[in-house]
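First the structure, in the form of structure tokens, and then the observations on it.
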Number of protein chains: 2
Amino acid sequence: MNNVQEESLRDQKKNRRRLQILEIARGIIATKGLRSLKVRDVAEAAGCSVGSVYNEFGDFDGVILTVNRETVQALTARLRGVPAEDPVRQLYGLAETYLEFFAEHANLLRSLFEHRMEDDRPYPDDILQMVMDAFALMHPPLVRLLPDADDVKIALLSRTLFSAVHGIISLGLEERMVAVPPQMLRQQIEQFVDAHLAGLGILPVGARKS
Amino acid sequence: MNNVQEESLRDQKKNRRRLQILEIARGIIATKGLRSLKVRDVAEAAGCSVGSVYNEFGDFDGVILTVNRETVQALTARLRGVPAEDPVRQLYGLAETYLEFFAEHANLLRSLFEHRMEDDRPYPDDILQMVMDAFALMHPPLVRLLPDADDVKIALLSRTLFSAVHGIISLGLEERMVAVPPQMLRQQIEQFVDAHLAGLGILPVGARKS
DNA sequence: ATTCTTCTTGAACATTGTTCATTTTCGAGC
DNA sequence: GCTCGAAAATGAACAATGTTCAAGAAGAAT
């Protein structure tokens, strides 16, 4: 069969509109929060009817989930860009990059972590898996730093450590909680990772100041 | 003036109904999640009209916020019950008690941390303050363990550490994320606190095993 | 050009938060 | 006890928003 997608005019329009809807939805979530996302607003801004949104995404959750999927993809791409030469620096870098990304896209991240499905339908597995994979990015550097440790334990440690960083950042950036003044967050994160690595018997980065 | 509240029949009914509404709303949130909470369901279960719910709480957010307020109060009460003899044990106890409480009332805690107000109205200050106070409960034991440290730094450390524990627990208990197998969470938390305290130069609890 | 398939539309419907004129209930003064 | 005014309760109506679907439009196939 001929897989050289000779895209039909119909498909072109469909794809263009799909991207447009997503861009608009993402913009609304990012600027005004998930709770302000309304089907009619999206449809109007995209210049189509509400029915088309449903045609394309099944239901409104479908739009949200697609945005969330792209959010975690963007996050993963950013995290993968952290240099891996030095494992300790890599861990710092992952935490700080997560902080940067979260600060830039706070509402998108909240949509990813806080959105609940209607009824009790399960969250799509692929998104869960991608989040897990992102949180597992601390695994390789930890393996290098703790070569004698059990791999399963390191996997757990990776998720625990990343979850801890996530907690510090997500609460710290929540202006309503004012848990930590934002300008201090980066420093707090650094000290936190520092102390934790020291507790694991790993040399702090201070010993190798550039 | 006579403050010996001789409660009128009217006030009795009002208070009884208020408590009833809250109990029903809390039950629905706890069992089916915040998203399943509907005015009409609450009103019907409480045997009154929807108007009465509005009379008592202003709007529906008022019901949710009142439940959230009581949740953080209950949490604080539980955390205050952690023995304070030994500061290290106290820190462990706070983390484990938070885990217990979160596991028992996961949906109520999620309502507390994830609920967004309509429009952009601010979250009530008193609730924020109570959450902050709860997260500051690690302050006293940390002061005892780090007597030479700056008090402001310890305050930040307290919130950072508690936020980290919160992150580990909230993601770990999120079945949809399956970040950490629940039965291992307690152990993970223990190891986490352990490593972090060690990193701060504090003797691990192993050195003082009972 | 005709037909067939598919997509689009938007009005209608369903659900749910909110309001408010009316009715009911309670308490105070007689 | 009765009456009256204040306060509360009511629930129908309204508003906002997610969802469906019959009818029409647009593109593809012949």
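Here is how names work: the chains are called A, B, and so on, in the same order as the sequence lines, proteins then strands, and each is numbered from 1.
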**Report entry** Short side-chain N/O contact to D/dA8 OP1/OP2 from B/Lys14, under 4.0 Å
**Finding:** yes
Report summary line: Separation of C/dG17 atom C1' from B/Ile64 atom CD1, nearest Å, is 11 Å
Query raised in the report: Whole Å only: how far is the CG atom of B/Asn15 from the P atom of D/dA7?
Result: 17 Å
Report task. Using atom CD of B/Glu44 as one end and atom C1' of C/dG17 as the other, report the distance to the nearest whole Å. Result -> 17 Å
Query raised in the report: Atom OH of A/Tyr54 to atom P of D/dC21: distance rounded to whole Å?
Result: 13 Å
Query raised in the report: Relative to the 5' end of DNA chain D, which residue comes earlier, B/Glu118 or B/Glu56, by the nucleotide with the nearest heavy atom?
Result: B/Glu56
Query raised in the report: Could you state the CG-P distance from A/Leu34 to D/dT17, rounded to the nearest angstrom?
Result: 14 Å
**Report entry** Between P of C/dT16 and CG of B/Asp61, the distance in whole Å
**Finding:** 16 Å
Report task. Could you check A/Asn55 against A/Arg40 and say which one's nearest nucleotide on DNA chain C is further toward the 5' end? Result -> A/Asn55
Report task. Could you check A/Asn107 against A/Arg110 for side chain to side chain donor-acceptor pair (under 3.5 Å), going step by step and ending with a plain yes or no? Result -> CA-CA 5 Å; A/Asn107 279 333; A/Arg110 289 187 193 120; 3.1 Å; yes
Report task. Indicate yes or no: does A/Arg121 engage A/Asp59 in a salt bridge with an N to O separation below 4.0 Å. Result -> yes
Query raised in the report: Under 4.0 Å between a side-chain N/O of A/Lys13 and OP1 or OP2 of D/dG27, yes or no?
Result: yes
**Report entry** Neighbour count >12 (heavy atoms, 6.0 Å) for atom CZ, A/Arg144
**Finding:** yes
Report task. May I ask you to decide whether A/Glu56 forms a salt bridge with A/Arg17, counting only side-chain N to carboxylate O separations under 4.0 Å? Result -> no
Requested in this report: Please say whether more than 12 non-hydrogen atoms of neighbouring residues, nucleotides or ligands are located less than 6.0 Å from CD in A/Glu44.
Outcome: no
**Report entry** Touch class at under 4.0 angstrom, heavy-atom based, for A/Phe60 against every strand present
**Finding:** sugar-phosphate
Query raised in the report: Where the side chain of A/Val39 is concerned, which of C/dT19, D/dT19, C/dT9 is the nearest nucleotide?
Result: D/dT19
**Report entry** Atom-pair distance (CD1 on B/Ile21; P on D/dA8), nearest Å
**Finding:** 14 Å
Requested in this report: For D/dA9, take OP1 and OP2 only and decide whether either is under 4.0 Å from a side-chain N or O of B/Ser49.
Outcome: no
Requested in this report: Provide, to the nearest angstrom, the distance between the NZ atom belonging to B/Lys38 and the P atom belonging to C/dA14.
Outcome: 16 Å
Query raised in the report: Mapping A/Gly51 and B/Gly51 onto DNA chain D by nearest heavy atom, which one lands closer to the 5' end?
Result: B/Gly51
Query raised in the report: Contact class for A/Arg17 vs. all strands (heavy atom < 4.0 Å): base, sugar-phosphate, or nothing?
Result: sugar-phosphate
